[in-house]
Every structure is written in structure tokens, then in C-alpha cells.
**Q** 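Here you go, one structure.
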Amino acid sequence: DTCIKSFLRHTCDEVVSADKMMVHARGPVWHRKQQAQGIIPKGLHGLDTDGTWSYSRSDGWVYGHGTFCLVACRTRMLGAFKWMRNSGHEAKRMWLETGKLKGLITTVLMDSKADDQALFREFRRQRGVLLLTTARKGADKSPARQRMVKVLKQRKNKQVYKQRRYTVEPMQGLLKDIFEIERCWMRGNTNNRWLFAAMGVAVQMHQYRAWQAGRSPWAIKQEVLDR
């Protein structure tokens with residue numbers, strides 16, 4: 001948190017983009033009905049009992065752990081990479097994480113999981129921050145929601161929102177590529193919490209060095225892996 005605050009102050013990068021990534025648990029899958037009943041089938045070894053289920057259109061249902069990723073848009077630098085429950089709501093996590101950046105950012109970008117009129121209102125009221133997201137079709141019936149959608153559809157805001165495509169989304173791809181985290185390295189919430197944080201710090205350090213040297217902060221794989 002100290003690293004991203006210092007970097008944002010130094011660069012005046014006021015727009016951040018956030019997203020959640022699902023990572024498959026190490027070991028077998030604990031089926032939802034059996035997990036809900038607390039039943040571990042006989043012969044099912046190496047199960048990560050801390051894993052949870054979540055769904056996305058691109059990946060379908062995934063049993064495992066989640067990561068929360070925050071990226072500074074203008075410099076395209078990693079701001080945070082942290083563990084979160086796979087079943088956790090990324091918009092709620094975004095609210096908590098960006099609260100630490102009050103006064104440093106003006107705009108936050110997130111996918112349709114953040115499509116919530118109350119969240120949009122509280123970002124502006126409590127923090128003076130504009131939340132840009134994708135609005136669900138056919139849900140703009142109340143006057144308050146219609147006003148929110150009108151703001152989201154402004155040309156300048158739609159242009160800003162496009163930054164997600166080349167910031168947080170490819171950043172998650174970079175982390176996956178460097179650390180090969182299609183599947184968790186370890187089991188359990190505690191182990192994955194510190195491991196994901198360590199991965200994030202390693203990328204932050206090497207991206208900052210590359211940025212200071214005038215090099216691409218994306219071409220850092222070999223440096224991170226010390227090869």
C-alpha cells in the first residue's frame with residue numbers, strides 16, 4: 001500500500017483499473033454440494049479445503065483462490081496484487097482497497113461487477129472519485145440509475161474506460177505468464193495470501209526499475225525470475 005501511494009504521488013497518475021482473477025486450487029476439486037455439507041469423499045487426497053467456488057463468462061466455474069489486481073493506467077504499472085476469497089465480490093474489495101488511495105485518484109475502472117448505483121453514488125459522495133463501469137442493459141429504470149448511465153455513456157468517459165483493455169487485463173496475463181499461476185502453488189488461505197503478495201511486490205519492484213530506466217515495465221520476466 002505504501003508503494004502504490006508513493007508512486008501515485010510521484011507520477012500524478014489519477015486513474016486506476018481493478019479486476020479479480022480466479023486461480024485453480026492445488027489438488028482436486030471439492031464439489032459444491034459436498035463442500036456445503038462438509039463432506040470430504042473417501043480417497044480424495046491433497047484437497048485444499050480453503051478454496052471456494054466462483055464463476056466468470058470466460059472461465060466458467062472455478063474452485064480455488066482469487067486475486068485482486070489494481071493498475072495505474074497512465075504509467076501501466078502494477079499497484080496491488082493480493083489474495084482474496086475466490087467467492088468474494090471484487091467490487092466490495094475494490095471499495096476497500098481504493099479507500100486507501102483517497103485524495104490520490106480521481107477515477108476507478110472496473111467491469112460490470114461494479115455496476116451498482118449505490119456504489120457509484122458513494123464513490124462520488126465520500127471520496128470525490130468517478131466510478132466507470134459497464135452498465136447492464138435494461139436496468140436503467142430509476143431516475144438515479146438513469147443519471148448514472150448517462151455519465152457512463154459520455155464520450156470522454158467511454159474513452160477513459162477503454163484503458164482497462166491495455167492495463168489491468170493484460171497485467172493479470174503478465175503475472176500469470178511470469179509465475180505460471182493457472183493453478184495455485186500452495187494450499188490454504190494463509191499460504192496463498194503471502195505468496196500472491198510476494199509476487200506482486202516482485203513485479204512492482206522490477207517494473208519501477210524499468211520505468212526509472214526508461215524501459216518497458218512489461219518486459220521484466222527474465223529479471224523477475226533472475227535468469
Side-chain angles (χ1 to χ4, degrees), residues 1-23 56 58-59 65-84 90 93-111 113-114 129-134 156-185 192-227:
D1 295 338
T2 301
C3 180
I4 182 62
K5 287 180 182 178
S6 176
F7 183 76
L8 290 175
R9 289 193 187 98
H10 182 66
T11 62
C12 299
D13 204 337
E14 298 179 335
V15 181
V16 296
S17 187
D19 203 4
K20 168 187 165 184
M21 180 172 70
M22 301 186 296
V23 185
S56 75
S58 58
D59 299 318
H65 296 267
T67 64
F68 178 82
C69 187
L70 192 69
V71 177
C73 288
R74 184 171 61 82
T75 52
R76 297 200 292 168
M77 303 274 281
L78 180 64
F81 186 70
K82 300 181 179 182
W83 172 91
M84 66 175 286
E90 53 261 52
R93 183 60 181 266
M94 175 192 64
W95 171 259
L96 295 175
E97 294 295 334
T98 54
K100 304 168 187 176
L101 307 177
K102 185 177 181 180
L104 296 173
I105 60 174
T106 61
T107 310
V108 60
L109 318 177
M110 194 171 210
D111 62 18
K113 294 293 181 67
V129 169
L130 175 62
L131 169 63
L132 296 181
T133 183
T134 301
K156 63 177 182 180
N157 290 336
K158 290 173 73 173
Q159 286 298 117
V160 172
Y161 184 75
K162 287 181 180 179
Q163 294 180 51
R164 277 183 52 82
R165 298 176 187 173
Y166 54 84
T167 54
V168 70
E169 293 173 1
M171 184 66 75
Q172 292 176 128
L174 177 66
L175 284 149
K176 270 189 174 182
D177 178 54
I178 293 174
F179 299 109
E180 299 180 357
I181 47 172
E182 287 287 346
R183 186 170 299 277
C184 292
W185 290 12
N192 284 299
R193 180 180 285 111
W194 74 256
L195 183 60
F196 290 148
M199 291 175 177
V201 170
V203 168
Q204 283 178 322
M205 289 173 58
H206 287 88
Q207 281 198 320
Y208 186 65
R209 289 175 184 172
W211 180 77
Q212 282 188 312
R215 295 183 284 108
S216 169
W218 294 82
I220 58 169
K221 181 176 180 178
Q222 299 306 314
E223 295 177 23
V224 172
L225 300 178
D226 193 26
R227 291 177 181 173

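Computed from a predicted model, the values in this text were never measured in an experiment.
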**Q** Going from CE on M110 to OG1 on T98, what distance comes out if it is rounded to the nearest 0.5 angstrom?
**A**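 Result: 9.5 Å between the selected atoms.
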
**Q** Does any pair with a residue in residues 205-215 pass salt bridge (charged side-chain N to carboxylate O under 4.0 Å, His left out), and if so which ones, sequence neighbours excluded?
**A**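 Of all non-adjacent pairs touching residues 205-215, those that pass salt bridge (charged side-chain N to carboxylate O under 4.0 Å, His left out) are R215-E223.
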
**Q** Just do the side-chain contact (heavy atoms from CB on, under 4.5 Å) check on L132 and K158 with the steps written out, would you?
**A** CA-CA 8 Å; L132 296 181; K158 290 173 73 173; over 6 Å; no

**Q** Testing the basics here: between S216 and A210, what is the closest heavy-atom pair and its distance to 0.1 Å?
**A**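 The answer is O-CB, 3.6 Å.
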
**Q** Do K221 and D177 come close enough that some side-chain heavy atom pair is under 4.5 Å?
**A**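 Yes. Closest side-chain heavy atoms under 4.5 Å.
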
**Q** Are N157 and L130 close enough that some pair of their side-chain heavy atoms sits under 4.5 Å apart?
**A**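 Yes, side chains in contact.
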
**Q** For E14, what residues pass the salt bridge (charged side-chain N to carboxylate O under 4.0 Å, His left out) criterion, not counting sequence neighbours?
**A**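 Not a single residue meets the salt bridge (charged side-chain N to carboxylate O under 4.0 Å, His left out) criterion with E14.
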
**Q** Considering residues at least two apart in sequence or located in another chain, which fulfil the salt bridge (charged side-chain N to carboxylate O under 4.0 Å, His left out) criterion with D19?
**A**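 So D19 forms a salt bridge (charged side-chain N to carboxylate O under 4.0 Å, His left out) with R164.
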
**Q** So, do C69 and L78 sit near enough that their side-chain heavy atoms are less than 4.5 Å apart?
**A**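 Result yes, sub-4.5 Å side-chain heavy-atom pair found.
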
**Q** Are M77 and V71 side-chain neighbours, meaning at least one heavy-atom pair lies under 4.5 Å?
**A**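 No, too far: nothing below the 4.5 Å cut-off.
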
**Q** In chain order, what residues pass the side chain to side chain contact (heavy atoms under 4.5 Å, CB included) check against D59, with sequence neighbours excluded?
**A**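 D59: side chain to side chain contact (heavy atoms under 4.5 Å, CB included) contacts with M22, S56, V62.
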
**Q** Say you draw a straight line from NZ of K113 to CZ of R93; how long is it, rounded to the nearest 0.5 Å?
**A**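 K113 NZ to R93 CZ: 15.0 Å, rounded to 0.5 Å.
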
**Q** Please check if the side chain of Y208 supplies one atom and the backbone of V203 the other of a donor-acceptor pair under 3.5 Å.
**A**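 Not at all, since once roles are kept as given, no pair shorter than 3.5 Å links the two residues.
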
**Q** Carefully, step by step, assess L195 and F179 under the rule side-chain contact (heavy atoms from CB on, under 4.5 Å).
**A** CA-CA 11 Å; L195 183 60; F179 299 109; over 6 Å; no

**Q** What distance separates Q172 CD from F81 CZ, expressed to the nearest 0.5 Å?
**A**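 So the CD of Q172 and the CZ of F81 are separated by 7.5 Å.
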
**Q** How close do F68 and E90 get, heavy atom to heavy atom, and via which atoms?
**A**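 F68 and E90 have their closest heavy atoms at CE1-O, 4.0 Å.
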
**Q** Only counting residues at least two apart or in another chain, list the ones meeting side chain to side chain donor-acceptor pair (under 3.5 Å) with Q159.
**A**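 K162.
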
**Q** Let me see the working for T67 and K82 under side-chain contact (heavy atoms from CB on, under 4.5 Å), right down to the final yes or no.
**A** CA-CA 5 Å; T67 64; K82 300 181 179 182; over 6 Å; no

**Q** Does Q204 reach the main-chain N or O of G79 with its side chain, forming a donor-acceptor pair under 3.5 Å?
**A**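 Side chain of Q204 to backbone of G79, a donor-acceptor pair under 3.5 Å: yes, one is there.
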
**Q** So, do L175 and F196 sit near enough that their side-chain heavy atoms are less than 4.5 Å apart?
**A**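 A side-chain contact is absent here, since even the closest heavy-atom pair is not under 4.5 Å.
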
**Q** Any idea which heavy atoms bring T167 and R76 closest together, and the distance?
**A**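 Residues T167 and R76, closest heavy atoms: CG2-CG, 3.9 Å.
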
**Q** Looking at D13 and A72, what are the two nearest heavy atoms and their distance?
**A**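 For D13 versus A72, the nearest heavy atoms are OD2-CB, 3.3 Å.
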
**Q** List in chain and number order the residues that pass ring pair (Phe, Tyr, Trp, His ring centres under 6.0 Å) with W218, two or more places apart in sequence or in another chain; answer none if no residue qualifies.
**A**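 With neighbours one apart ignored, the set is empty.
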
**Q** Report yes if the side chains of V16 and L109 come closer than 4.5 Å at any heavy-atom pair, otherwise no.
**A**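 V16 vs L109: side chains apart.
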
**Q** Taking atom CZ of R9 and atom CG of L101, what is their separation to the nearest 0.5 Å?
**A**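 The CG atom of L101 is 9.5 Å from CZ of R9, to the nearest 0.5 Å.
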
**Q** Among all residues two or more places apart in sequence or in another chain, which pass the side chain to side chain donor-acceptor pair (under 3.5 Å) test with T133?
**A**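 Checked T133 against side chain to side chain donor-acceptor pair (under 3.5 Å); zero matches.
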
**Q** Among residues at least two apart in sequence or on other chains, which ones pass side chain to side chain donor-acceptor pair (under 3.5 Å) with W95?
**A**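 W95 satisfies side chain to side chain donor-acceptor pair (under 3.5 Å) with no residue once adjacent residues are dropped.
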
**Q** Does K100 have any side chain to side chain donor-acceptor pair (under 3.5 Å) partners at least two apart in sequence or in another chain, and if so, which?
**A**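 Side chain to side chain donor-acceptor pair (under 3.5 Å) check on K100 returns D1, E97.
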
**Q** Is any side-chain heavy atom of V129 closer than 4.5 Å to a side-chain heavy atom of I105?
**A**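 Yes. Closest side-chain heavy atoms under 4.5 Å.
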
**Q** Any idea how H65 and W83 line up, ring-wise: parallel (<30°), tilted (30 to 60°), or perpendicular (>60°)?
**A**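 The arrangement is tilted - the two ring planes meet at 30° to 60°.
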
**Q** Could you give the distance from OG (S58) to CD (E169), rounded to the nearest 0.5 Å?
**A**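 S58 atom OG to E169 atom CD measures 9.5 Å (nearest 0.5 Å).
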
**Q** Grab the two heavy atoms, one from L70 and one from A18, that are nearest each other, plus how far apart they are.
**A**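 Looking at all heavy atoms of both residues, the closest pair is CD1-CB, 3.7 Å.
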
**Q** Would you sort out whether M21 and V168 count as a side-chain contact (heavy atoms from CB on, under 4.5 Å), showing the intermediate values?
**A** CA-CA 10 Å; M21 180 172 70; V168 70; over 6 Å; no

**Q** Heavy-atom count check: over 12 atoms from other residues, nucleotides or ligands less than 6.0 Å from E182 CD?
**A**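 Not more than 12 within 6.0 Å, no.
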
**Q** Could you report the tightest heavy-atom contact between H206 and I220, atom names first, then the distance?
**A**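 So the two residues come closest at O-CG2, 3.9 Å.
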
